[in-house]
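Input: a single structure, listed below in structure tokens.
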Protein chains: 2
Amino acid sequence: MERIRSWACFGGRQEVWRHNSPTLGCAMEFAVYLPPQVAADNAARLPVLYYLSGLTCTWENVTAKAGAQRYAAEHGLILVTPDTSPRGLGLPGEDEAYDFGTGAGFYVDATEPPWAKHYRMYSYVTAELPALVNGHFPADPARSGIFGHSMGGHGALVCAFRNPQQYRSVSAFAPIVAPSQVPWGEKALGGYLGPDRAAWAAYDATQLAATTAWRRPVLVDQGAADEFLDKQLRPQLLQAACVSAGIPLTLRLQPGYDHSYYFIASFIGDHIAHHAAALKA
Amino acid sequence: MERIRSWACFGGRQEVWRHNSPTLGCAMEFAVYLPPQVAADNAARLPVLYYLSGLTCTWENVTAKAGAQRYAAEHGLILVTPDTSPRGLGLPGEDEAYDFGTGAGFYVDATEPPWAKHYRMYSYVTAELPALVNGHFPADPARSGIFGHSMGGHGALVCAFRNPQQYRSVSAFAPIVAPSQVPWGEKALGGYLGPDRAAWAAYDATQLAATTAWRRPVLVDQGAADEFLDKQLRPQLLQAACVSAGIPLTLRLQPGYDHSYYFIASFIGDHIAHHAAALKA
């Protein structure tokens, strides 16, 4: 694993690393923010928070635009921001659409050819990447949280609901909450998992809500002026499922906000405080 | 003047406007952040802070990457972020280098052909743009501050030192402080103003320090790991001139920081607090 970028930032270091991923079968990059508390006491393990990005993004969008480092520095959290898909494989059709293939891994382990061999972002995010992070940085795996935006909000909710022992906190910005019921999700899950919708349930947060053991607080912020709200996001589906299941979801509809990083930047301080409260308890 | 983008952001609005500039003879875009205090009381005039960007930038770099809106919202300041040069003129040689022509107006009024007719960023920033801003937004011209980065830090210092009645606060990130003595400045001032170095003095903050009536606090942050520090920036030249002149300059050398927006984001809260203290006094 090789460090390819490093910047001083809010008293800590914003770094970017490249590694060969056996899970995905390609080289991958991820960014990691090491707060000033790392420098102060390298021996102490710090809470670690994973952020999953949305369609078309790399590690760079959230790293450059969200202003998250300030809050990670305040709370003493390590922040890990992976890419959104395998890269550079040259699979047929991989680069034809913004919402499938490159930049659109949807945090699933594909089962359909030709995707099944490489598009395994669920395993990458929940297993390979945490092992790398825990091995190279002073991250405390017992204090891991996860959050994300849009497709990445979907990924965060799925990872948490399927692994309540691995993650202690979860939140999302404008997540796709019910991919089985919206066009983005139907295209992605159909393409990666095939037409049998029973297989999709493992990656549908709204369906997972009925069976997960997750009972910790869930924070979701949604812009009321988000252009994807009614067609692709539909957070009320998750809200109903959480009410039925007894999962404490706080869904905040934020008037005037859209789907952009200006929305995320405005509320990421609240989200990181939400995670810090759980991870530092 | 036409609003072309608008995002909710930290309780206010991040907007982008386009207008035809008589000063520059082309269409220009600028961004303006209107803090939540505008919505609360549109009749009240708020302090206004101008940010001048560095080489190659548009309004978008600082708007997306600096995280300034949070602090502008906290302090109730309007934040205006113009472009760095005229655009789209098609002048010969305009697009050949990153450090001259498009994206590199250096905040001077050019006197050399073919630049003299259009490259008048000093007049645009100090006269045309403030008139537009004061006419369209609830900005209080009596409470104006200015800051910037690199080439824009140079511009901010020059604008303040030449107009101590117009600006009540100034600061800079990694500014070019003595363009007459560094390669970036020699190329730009030579190209826009001609070979007579006497004409350059009006755009050299270190030279202006000897004659300006400016006596308010000046804040400059400089990354100690900035790759341009020794060759292009040389803040100690400004420091010596300010000591001689009795200008209260605080120059902070920040260990480990480079020239990037990760540096700016880390300290822009301090800068906006510096301006707010002067503008709200």
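Heavy-atom basis, side chains included; hydrogens, waters and symmetry copies ignored. Proteins come first, then strands; the chains are lettered A, B, ... in the order of their sequence lines, and each starts at number 1.
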Work out which heavy atom in B/A8 is nearest to a heavy atom in A/G256; give both atom names and the distance.
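Between these two residues, the closest heavy atoms are CB-O, 3.3 Å.
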Contact listing (chain A partner; residues 259-268 of chain B; heavy atom under 4.5 Å):
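At a heavy-atom separation under 4.5 Å, chain A is reached by B/S260, B/Y262, B/F263, B/A265, B/S266.
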Does [X] have any side chain to side chain donor-acceptor pair (under 3.5 Å) partners at least two apart in sequence or in another chain, and if so, which?
X	answer
A/T58	none
A/S6	A/R13
B/Q236	none

Of the backbone (N, CA, C, O) and the side chain (C-beta and beyond), which part of B/Q254 lies under 4.5 Å from a heavy atom of chain A, both, or neither?
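Neither; nothing under 4.5 Å.
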